[in-house]
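Because the structure is predicted, anything quoted here is derived from the model rather than measured. The residues of the chain are indexed from 1 along the displayed sequence. Below, each value reflects all heavy atoms present in this structure, side chains not excepted, and no hydrogens, waters or symmetry copies.
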Amino acid sequence: MAKPKRVKCYLAALLLFATLNCFGQQSAQIVPAQAISRNIKQTPNPSPPVKIHFQRRSVIPNPTFDKQQTKQATLSKTNLTDDVASQVSQLNRHDRLLINKAKRYFDKNWNETTGLIDSVQGYSHATMWDVASGIAGLLALEALEMSSQQSTHFRLEKMLNTLIKLPLYKNILPNRQYNTRTALPSGRMSQTSSNGNGWSALDLGRLYIWLEILKRHKPYLIEKINQVQNKWQLERATKQGNLYGTKLTAQREYFRQEGRLGYLQYAATGYRLAGLNVDTAFECYKLESIDLEGISLLIDQGNLPFFTLDPYVLYAIELGYQDSCWNQLQQLYKLHKQHAATNNRLVAFAEDSLSKSPWFLYNNIIFQGSPWQSVSHSGKPINDKQTFSNKAAFAMSVLFDEPYSQQLADLVISNSARHTVIPTGLYANGKTNTAYNINTNSLILVSLWYKSRNKQSILLPDNTRGLQAEMSSNKSRN
């Protein structure tokens with residue numbers, strides 16, 4: 001009788017060893033954190049303009065962030081069918097890690113009553129720009145096999161039903177921001193009969209781009225999308241072929257041209273997709289040419305000329321790269337690459353939410369004559385700035401294919417390793433910007449969707465060509 005007991009003990013020991021070995025293998029998958037320091041040299045801060053035009057298209061939150069977000073996350077495996085696996089064969093395990101992290105943001109911040117998604121984690125407000133990012137992220141999650149068709153349809157339909165019923169600013173167009181829990185106007189003048197303080201022409205342009213994408217990818221939702229668009233008077237946001245926003249104050253209502261180089265053309269494309277004439281927005285004769293670190297750029301001399309990477313990477317990924325007088329994507333990529341080589345540090349200048357006051361910044365390539373400048377929505381300089389935007393860097397990494405672009409992707413992956421969702425970026429002192437937000441997680445999802453489509457734009461308009469094809473054509477001409 002002693003022998004069977006010894007066998008049982010031996011089997012129990014084997015089982016314990018196998019369990020410990022499995023646990024060790026899972027633990028080994030955890031990506032180690034990497035400390036990265038970015039001591040960016042400061043340049044003199046320009047004085048803010050005396051008179052400014054309203055250009056803000058963001059909500060400025062002061063949220064209490066979830067401390068649990070800083071806990072280290074383990075890699076999750078994605079179960080793909082053979083058909084889908086062939087579509088996303090280019091995606092690696094780091095890509096899938098980012099997809100899982102971004103999905104957590106959407107799952108945690110989606111509101112089941114309205115279908116709207118918080119712009120920043122812990123802050124239940126959103127602009128129409130953020131609504132577009134919500135549509136983009138939900139579509140990308142399904143395309144990347146992280147959400148079922150049924151779940152995606154449910155969430156998108158609930159969001160569209162909310163958009164149909166939105167209280168509009170003066171019954172014309174959506175207000176600049178809404179509460180994601182109640183779908184009621186938020187911010188200044190939200191409790192008055194005007195239903196807010198005006199509309200953002202730029203935000204609406206981005207939303208109309210994604211409503212058109214939604215029509216093409218989900219034709220069964222066209223009827224509901226048409227209900228939204230038929231209720232909104234989008235033509236009221238245009239004048240003489242350009243984009244115009246409104247801002248209501250206690251004194252008067254302002255109606256002013258909105259949008260500068262890059263942002264203007266990107267948003268105006270949404271109006272073109274809606275059948276409106278915005279040709280003036282695409283004119284380039286008023287732009288000024290400058291030289292920055294040996295690279296020729298065009299700048300907008302208008303008031304508050306925010307100049308970031310965002311509209312250029314968004315246009316290429318969503319709509320398809322176009323070689324035009326206003327499109328400076330290739331020049332800006334080359335500038336970032338050259339700047340990194342000269343200063344031995346990676347930067348990615350974009351607009352982003354902040355985890356501290358003033359809660360939102362525009363990281364400008366050049367602003368009021370000074371390069372690499374960070375300012376608030378009102379144009380006030382920010383000293384303790386973010387210098388590396390995860391979303392802008394990752395977008396560049398899928399648009400371009402070379403060692404430098406891979407370095408950008410690697411840093412995004414490193415930045416995200418210790419967080420359960422993708423953080424915003426890095427401050428100049430190397431600390432992480434933990435303003436977990438929808439635009440960061442959405443753009444990285446859509447970038448991976450773009451990558452999985454063999455770098456074909458999401459909308460695929462007939463008159464565009466791929467960025468890689470354009471670059472090859474330029475090389476052959478030279």
Side-chain angles (χ1 to χ4, degrees), residues 29-34 36 58 61 63 65-76 78 91-110 117-123 126 129-130 133-134 136-141 143-144 146-147 309-310 313-314 317 346 348 350-355 360-361 363 386-398 405-427 430-452:
Q29 291 181 346
I30 300 176
V31 180
Q34 298 182 25
I36 301 169
S58 62
F65 295 106
D66 188 353
K67 293 182 180 179
Q68 294 299 318
Q69 290 299 325
T70 59
K71 290 185 177 180
Q72 195 167 12
T74 58
L75 291 172
S76 298
T78 306
L91 302 187
N92 56 45
R93 66 186 185 91
H94 295 300
D95 294 333
R96 296 189 183 98
L97 173 61
L98 293 176
I99 293 170
N100 281 310
K101 290 177 182 292
K103 182 179 185 298
R104 291 189 189 102
Y105 183 91
F106 279 79
D107 289 344
K108 184 169 185 175
N109 293 281
W110 180 76
I117 304 169
D118 294 348
S119 60
V120 178
Q121 187 159 289
Y123 189 72
W129 187 286
D130 302 323
S133 294
L138 292 175
L139 286 175
L141 283 170
L144 295 167
M146 290 301 291
S147 294
L309 276 167
D310 300 78
V313 296
L314 289 172
I317 289 172
L346 297 175
E351 62 165 74
D352 273 308
S353 297
L354 296 177
S355 57
F360 193 88
L361 93 165
N363 241 7
Q386 173 186 278
T387 56
F388 188 87
S389 167
N390 282 339
K391 63 178 171 61
F394 198 81
M396 283 194 289
S397 78
V398 301
S405 62
Q406 184 58 49
Q407 290 174 13
L408 294 173
D410 290 344
L411 185 51
V412 174
I413 294 163
S414 174
N415 294 345
S416 306
R418 297 180 66 87
H419 303 261
T420 59
V421 301
I422 304 171
T424 307
L426 292 174
Y427 289 109
K431 293 183 178 181
T432 303
N433 176 7
T434 54
Y436 307 105
N437 67 87
I438 191 171
N439 290 313
T440 295
N441 286 272
S442 175
L443 180 49
I444 289 178
L445 278 175
V446 175
S447 296
L448 288 166
W449 184 14
Y450 169 87
K451 181 180 179 181
S452 75

By salt bridge (Lys or Arg N to Asp or Glu O under 4.0 Å) - contacts of D107 (at least two apart):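 Scan of D107 (salt bridge (Lys or Arg N to Asp or Glu O under 4.0 Å), adjacent residues dropped) gives K103, R155.
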Can you name the residues that form a salt bridge (Lys or Arg N to Asp or Glu O under 4.0 Å) with D310, not counting sequence neighbours?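 Listed in chain order: K391.
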Sub-3.5 Å donor-acceptor pair from the side chain of [X] to the main-chain atoms of [Y], do we have one?
X: N92; Y: D95; value: yes
X: S414; Y: D410; value: no
X: S119; Y: A126; value: no

Do you see a donor-acceptor pair shorter than 3.5 Å between the side chains of N390 and T440?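 On atom types as modelled, these side chains do not qualify, holding no pair under 3.5 Å.
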Would you say the side-chain atoms of N439 and D130 include a donor-acceptor pair closer than 3.5 Å?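 The answer is yes; a qualifying pair exists.
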Please determine which of D352, N441, N437 meets the side-chain hydrogen bond (donor to acceptor under 3.5 Å, both in side chains) test together with T424.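 Going through D352, N441, N437 one by one, the side-chain hydrogen bond (donor to acceptor under 3.5 Å, both in side chains) with T424 is satisfied by N437 alone.
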Atom [atom1] in [X], atom [atom2] in [Y]: separation rounded to 0.5 Å?
X: R96; Y: M146; atom1: CZ; atom2: CE; result: 10.5 Å
X: S447; Y: M396; atom1: OG; atom2: CE; result: 11.0 Å
X: S442; Y: L141; atom1: OG; atom2: CG; result: 8.5 Å
X: K451; Y: S397; atom1: NZ; atom2: OG; result: 7.0 Å
X: N433; Y: T387; atom1: CG; atom2: OG1; result: 10.5 Å

Go through the steps for L426 and K431 under the test side-chain contact (heavy atoms from CB on, under 4.5 Å), then give the verdict. CA-CA 6 Å; L426 292 174; K431 293 183 178 181; over 6 Å; no
Identify the two heavy atoms, one from F388 and one from A393, that lie closest to each other, and give their separation to 0.1 Å.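 Here F388 and A393 meet closest at CZ-CB, 3.3 Å.
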Least distance between heavy atoms, Y105 atom then I117 atom: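 Result for this residue pair: CE2-CG2, 4.2 Å.
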For a 4.5 angstrom cut-off between non-hydrogen side-chain atoms, does [X] reach [Y]?
X: L354; Y: Y427; value: yes
X: Y436; Y: N109; value: no
X: D118; Y: Y123; value: no

Run T420 and K101 through side-chain contact (heavy atoms from CB on, under 4.5 Å) and show every step you take. CA-CA 6 Å; T420 59; K101 290 177 182 292; 5.7 Å; no
Of [options], which meets side chain to side chain contact (heavy atoms under 4.5 Å, CB included) against [X]?
X: F394; options: L448, I422, L408; result: L448
X: L98; options: V421, I413, L445; result: I413
X: V446; options: I317, L314, L144; result: I317

